[in-house]
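Just so you know, ligand 1 is whichever comes first in the structure, and atom 1 is the first atom listed for that ligand.
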Amino acid sequence: MTDSIRILMCAPDYYDVDYVINPWMEGNVHKSSRDRAVKQWDMLHHVLQDLAQVELITPQQGVPDMVFTANAGMILGDQVVLSRFYHPERQGEEPYFQQWFADNGFTVHELPRDLPFEGAGDALLDRQGRWLWAGYGFRSELDSHSYLAKWLDIEVLSLRLIDNRFYHLDTCFCPLSGGYLLYYPSAFDAYSNHLIESRVPAAKRIAIAENDAVNFACNAVNVGQNIVVNKVSDRLREQLAQTGFQVIETPLTEFLKAGGAAKCLTLRINEPVLENVHANEPVASRVVHLQGHLLDAGVMNETLDLVVDNGGSFKVLNFNLGTERNSPSQAEVRVSAPSTRVMDEIISRLIQIGAITADDTAQNATIAISDLDGVAPDDFYVSNIYPTEVKIEGKWIRVQKQRMDGAIVISNDGAECRILRDLKKGDRIVIGSEGIRTVRKADSREKRSSEEFSFMGAGVSSERRVELVVEKIAWELRQIRDRGGKVVVTAGPVVIHTGGAKHLSQLISEGYVQGLLGGNAIAVHDLEQALMGTSLGVDMQKGIPVRGGHRHHLNVINKVRRYGSIAKAVESGLVSKGIMYECVKHNVPFALAGSIRDDGPLPDTQMDLIKAQAEYAQLLEGTDMILMLSTMLHSIGVGNMTPAGVKMVCVDINPAVVTKLSDRGSVESVGVVTDVGLFLSLLNKQLEKLTGRYQLITK
Ligand code: ARG
């Protein structure tokens with residue numbers, strides 16, 4: 001027995017699975033055997049008595065999980081931070097543990113009400129006492145970590161748990177003597193894994209696989225070179241032996257049914273304090289302001305979910321609920337994060353949904369100078385599609401050329417979005433997330449997420465619904481045409497294969513389209529159909545492949561190449577119908593972006609992608625509406641170049657594509673899951689109807 005180590009345990013007199021507060025307990029209510037539990041616990045007790053001095057706390061009726069003394073609190077020296085259980089089911093244990101700590105000479109620190117923290121289940125000392133690892137994500141709240149640092153005067157490193165089977169840090173993480181670490185990396189988010197890797201050298205990290213993790217191999221009691229545990233695989237036992245550790249297995253299956261094992265059943269009560277180890281400020285925090293129809297428009301939920309989903313935590317400092325239907329609400333939320341990097345990540349997402357970090361008192365945006373052409377400083381702020389303002393020398397200025405995934409460059413002319421390759425050495429670039437806001441309409445009660453209509457897909461919604469969307473789109477197309485606005489179409493070859501060519505041609509000839517964007521394929525298949533009646537060798541009338549048809553498209557490309565351009569082929573009379581024909585005839589500009597798989601290509605296809613992107617961007621300037629017809633890649637490209645406020649209609653037979661494209665978090669996008677040929681035909685019918693009605697009225 002080693003006198004120096006003291007451990008607190010609680011006999012399982014009243015142990016059972018009485019309720020479900022973690023996934024292990026599911027299906028196990030009253031399924032554990034008291035007798036076996038007592039035997040297993042006695043065995044563990046026995047094993048530990050050989051290694052340490054075990055003390056006991058009196059078990060209490062009605063709190064079956066009290067056996068898991070790890071959750072009593074977190075001890076360092078003569079200080080203890082008492083647990084505040086997340087689940088009411090375990091809160092009854094708090095006074096018993098508190099009493100025990102007080103009786104045994106500890107100074108007991110109590111966390112604010114509603115700030116959960118589950119003791120040594122979620123806080124594990126580096127075995128050399130250099131710092132405290134603290135978990136959050138399920139049971140303990142991130143904000144409790146600042147209190148731990150302050151009261152225990154130690155550096156706290158926050159780790160975020162993301163797999164609910166490993167809801168406490170000690171279920172998947174076990175610091176060992178000599179600076180070793182036994183852990184299950186998949187239980188943590190990427191930031192946490194980075195943090196672990198930055199503190200524990202690779203040679204000292206013992207990452208375990210899932211099979212060991214689910215046997216609670218990390219839930220181990222480490223005393224010197226001994227590791228007491230429920231069960232480990234032969235492989236892990238060998239691996240541990242190689243690093244000088246001896247594994248002592250003692251079955252704890254009855255406790256696994258409650259989601260605990262060896263470590264959970266123990267609490268180290270004499271954790272030595274290291275001198276010259278001191279507190280850090282483990283948690284970064286910022287206050288954000290929200291205004292608008294926070295409840296009706298779902299902004300409040302969105303904000304709070306976003307904070308938590310991205311590894312942060314929050315406290316709502318103020319909430320003024322607007323009482324009338326039209327009165328906006330106001331909220332002030334303190335956001336916390338385990339590091340400034342995570343904080344910046346969260347804040348830039350909050351900026352996107354219109355949250356503002358401390359408006360008038362906001363700091364100026366932080367600026368760094370680019371040191372290389374085409375490269376931004378590492379932590380540059382990545383732009384989104386929403387109207388953005390940056391605070392420069394105390395004034396908010398509007399960012400020009402708003403687009404997605406650019407950097408914000410500040411010059412004497414103001415601020416503008418610029419893609420990486422256009423950056424120049426010496427450019428002043430906004431970094432971090434201070435002094436940036438997006439100006440979103442606070443008065444919109446509409447749900448921000450896009451509407452989506454399913455037609456062919458799984459018969460979820462009726463044909464009638466697609467007709468209704470088409471009616472709305474047709475009406476808007478008419479409005480835009482009549483006021484001299486601009487509609488750009490992005491189209492893929494599926495438009496031709498599904499028989500949509502004649503409908504799109506009609507839209508162009510009637511003046512509904514002011515620009516066409518696509519790749520080599522749409523033009524090739526359109527021309528093939530115009531010249532030979534096939535699309536990729538398939539007869540468009542009969543729908544069957546034509547003999548030798550696979551050569552058709554190459555023939556067509558070859559012919560057009562002889563003329564030097566699509567326009568010249570049209571002028572010469574070679575092409576006399578179709579989409580490209582109508583574009584040429586009606587002076588509708590088009591841009592065709594090449595790709596690696598292009599045959600030919602057509603003389604008009606821009607194989608220099610940087611130039612193609614520029615052509616697209618130019619054609620898109622001042623657009624009111626974009627119709628995205630069955631082409632994912634070109635549509636994504638277009639979406640990234642387009643600021644919010646431009647109406648987008650995405651049509652694709654694949655619901656996943658529609659979701660991807662229309663999910664811009666703005667009201668202006670509409671997704672339609674349907675056959676694109678059918679969609680275009682409905683659209684034309686609807687436009688004809690509108691025109692008919694119009695003529696009737698004016699007669
Ligand atoms: N049933 C208990 C709970 O869900 C098990 C606690 C396990 N303790 C631990 N330190 N991991 O809270």
Do the non-hydrogen side-chain atoms of Ile269 and Ile7 ever get within less than 4.5 Å of each other? no
Run the numbers for me: atoms of ligand 1, each under 4.0 Å from some heavy atom of Ile21, listed by number. 3 (C), 4 (O), 12 (O)
Between Trp24 and Arg165, is there a cation-pi geometry (under 6.0 Å to ring centre, at most 45° from the normal)? no
Closest to atom 10 (N) of ligand 1 among protein heavy atoms sits Asp170 OD2, 2.8 Å
Could you label the plane-to-plane angle of the Tyr180 and Phe245 rings as parallel, tilted or perpendicular, counting under 30° as parallel and over 60° as perpendicular? perpendicular
Heteroatom distance test (Asn22, ligand 1): nitrogen or oxygen, under 3.5 angstrom: yes
Give the atoms of ligand 1, by number and element, whose distance to some non-hydrogen atom of Arg139 is under 4.0 Å. 3 (C), 4 (O), 12 (O)
Does the distance from a Lys or Arg side-chain N to an Asp or Glu carboxylate O, for Asp189 and Arg160, drop under 4.0 Å? yes
Does the side chain of Ser83 pick up a donor-acceptor pair with the side chain of Asn71 at under 3.5 Å? no
Which of the numbered atoms in ligand 1 are below 4.0 angstrom from a heavy atom of Gly121? 10 (N)
Considering only heavy atoms, which of Phe255, Phe216, Tyr167 lies nearest to atom 5 (C) of ligand 1? Tyr167
Should you measure from each heavy atom of Ala70, which atoms of ligand 1 turn up under 4.0 Å away? 10 (N)
For Thr171, take its heavy atoms, then give the atoms of ligand 1 lying under 4.0 Å from any of them. 11 (N)
Nearest protein heavy-atom contact for atom 12 (O) of ligand 1: which residue, which atom, what distance? Arg90 NH1, 2.7 Å
Measure up the Trp131 and Trp133 rings against each other and bin them: parallel (under 30°), tilted (30 to 60°), perpendicular (over 60°). perpendicular
Which atoms from ligand 1 have a heavy atom of Met25 less than 4.0 Å away? 1 (N)
What is the nearest protein non-hydrogen atom to atom 9 (C) of ligand 1, stated with its residue, atom name and distance? Cys264 SG, 2.8 Å
Separation between CG of Asp65 and CZ of Phe255, rounded to the nearest 0.5 Å: 10.5 Å
With a 4.0 Å cut-off on heavy atoms, does Lys263 reach ligand 1? no
Check: Val316 and Glu332 side chains under 4.5 Å, non-hydrogen atoms: no
Which of the numbered atoms in ligand 1 are below 4.0 angstrom from a heavy atom of Asp65? 1 (N), 2 (C), 3 (C)
Any idea which protein heavy atom is nearest atom 8 (N) of ligand 1, and the distance to it? Asn71 OD1, 2.9 Å
Any chance the side chains of Glu118 and His168 put a donor and an acceptor closer than 3.5 Å? yes
